[in-house]
Amino acid sequence: MAKLPDMTKHRGFPSGMPGTGFQFTIRRANPKGVSPIVERKRYPDRDKTEALADAAFMHALWHHFGTEPFERGNLDARRLSFLFNREVVPAEKPFDPASYEAMLQIDEDVARASFPEAFEDVMEV
């Protein structure tokens, strides 16, 4: 088996939203290549559980990293993509969306407007 790329694992970060199939982290690097982070549109008529997963993911990001830049590492590309270029922005230039070492940062003003519940000490899911 080919050697997998290095990937920071964010210890203590929740793996996903309980009771759903929504994951927040991945277990190991993708041997076929890094899944790129792309800006995904959030449609207003989407499933309420999906919207709750975005808020729960933002809650985890905020309480784990706060305003500091953070490495993408083992954070799930799909979940990041729903927040990318809005609540979560590149923290470096040039930005490589297909790198586990890419640096990101929370845009606090946008995130607080989008997910005010994510900034509470405890979030019910």
Side-chain angles (χ1 to χ4, degrees):
M1 183 172 165
K3 184 179 182 310
L4 296 176
D6 288 335
M7 177 182 72
T8 298
K9 291 194 176 187
H10 298 292
R11 304 285 180 211
F13 198 89
S15 61
M17 194 166 95
T20 69
F22 298 120
Q23 65 185 44
F24 296 168
T25 61
I26 58 175
R27 291 185 180 154
R28 67 190 69 80
N30 186 346
K32 297 177 186 172
V34 181
S35 298
I37 302 170
V38 295
E39 188 174 332
R40 287 181 170 257
K41 185 163 176 59
R42 293 191 306 248
Y43 294 97
D45 63 340
R46 68 193 179 127
D47 184 78
K48 298 288 185 217
T49 308
E50 178 104 20
L52 183 58
D54 287 341
F57 184 59
M58 175 52 64
H59 177 80
L61 288 172
W62 177 253
H63 289 280
H64 203 82
F65 303 112
T67 58
E68 296 300 314
F70 57 91
E71 191 172 323
R72 171 191 174 174
N74 69 329
L75 299 176
D76 183 62
R78 183 172 191 274
R79 192 58 40 211
L80 277 170
S81 292
F82 280 113
L83 306 178
F84 188 63
N85 277 338
R86 290 179 293 268
E87 296 83 10
V88 175
V89 295
E92 64 185 356
K93 290 184 183 179
F95 178 76
D96 182 359
S99 170
Y100 290 127
E101 297 173 351
M103 295 299 290
L104 299 162
Q105 190 167 18
I106 295 171
D107 183 330
E108 185 177 354
D109 293 337
V110 175
R112 282 185 183 275
S114 300
F115 304 109
E117 68 277 21
F119 293 86
E120 300 293 327
D121 288 337
V122 176
M123 182 178 166
E124 296 292 324
V125 291

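This structure is a prediction, so every number in the text was calculated from the model and none was measured.
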Could you tell me if the side chain of L104 sits less than 4.5 Å from the side chain of L80, heavy atoms only? yes

Atom of N30, atom of S35 and distance for their closest heavy-atom approach: ND2-OG, 3.9 Å

Look at the side-chain heavy atoms of Ile, Leu, Val, Met, Phe, Trp and Tyr, link any pair under 4.5 Å apart, and say whether V88 and M123 land in one connected group. yes

State plainly whether the residues E50 and R79 are in salt-bridge range, i.e. N to O under 4.0 Å. yes

I need the minimum non-hydrogen distance between A77 and R72, along with the two atoms involved. CB-NH2, 3.2 Å

Under 4.5 Å between any side-chain heavy atoms of N74 and H10, yes or no? yes

Would you compute the distance between atom CZ of R27 and atom CE of M7 and round it to the nearest 0.5 angstrom? 11.5 Å

For F70 and F13, what are the C-alpha separation, side-chain angles and deciding distance, and is it a ring pair (Phe, Tyr, Trp, His ring centres under 6.0 Å)? CA-CA 13 Å; F70 57 91; F13 198 89; 8.4 Å; no

Supply the atom-to-atom distance R42 CZ to R46 CZ, rounded to the nearest 0.5 angstrom. 6.0 Å

Measuring from L61:CG to L75:CG, what's the distance to the nearest 0.5 Å? 6.5 Å

In short, M17 meets A56 closest at the heavy-atom pair SD-CB, 4.1 Å

Using modelled atom types only, decide if a donor and an acceptor are shared between the side chain of S99 and the backbone of D96 within a distance under 3.5 Å. no

Closest heavy-atom pair and its distance - M58, L83: CE-CD1, 3.8 Å

Smallest heavy-atom separation, M103 atom then E92 atom, equals N-OE2, 3.1 Å

So, using side-chain contact (heavy atoms from CB on, under 4.5 Å) as the criterion, who are the partners of V38 when residues are at least two apart? R40, S81

Residues 14-52 vs ring-ring contact (aromatic ring centres under 6.0 Å, His included), sequence neighbours excluded, gives F24-F57

Step by step, work out the salt bridge (charged side-chain N to carboxylate O under 4.0 Å, His left out) result for E71 and K9. CA-CA 10 Å; E71 191 172 323; K9 291 194 176 187; over 6 Å; no

Quick test of your reading of the model: are E117 and R112 salt-bridged, counting only N-O distances below 4.0 Å? no

Are V34 and I37 connected in a single hydrophobic cluster, I mean Ile/Leu/Val/Met/Phe/Trp/Tyr linked by side-chain heavy atoms less than 4.5 Å apart? no

Using the ring-ring contact (aromatic ring centres under 6.0 Å, His included) rule, collect all pairs that involve residues 97-125, keeping only residues at least two apart or in two chains. W62-F119

Validation row: D54, L52 side chains within 4.5 angstrom (heavy atoms): no

Short N-O contact, E39 and R86, less than 4.0 angstrom: yes

Closest contact, heavy atoms only, A111 versus E87: CA-CG, 3.6 Å

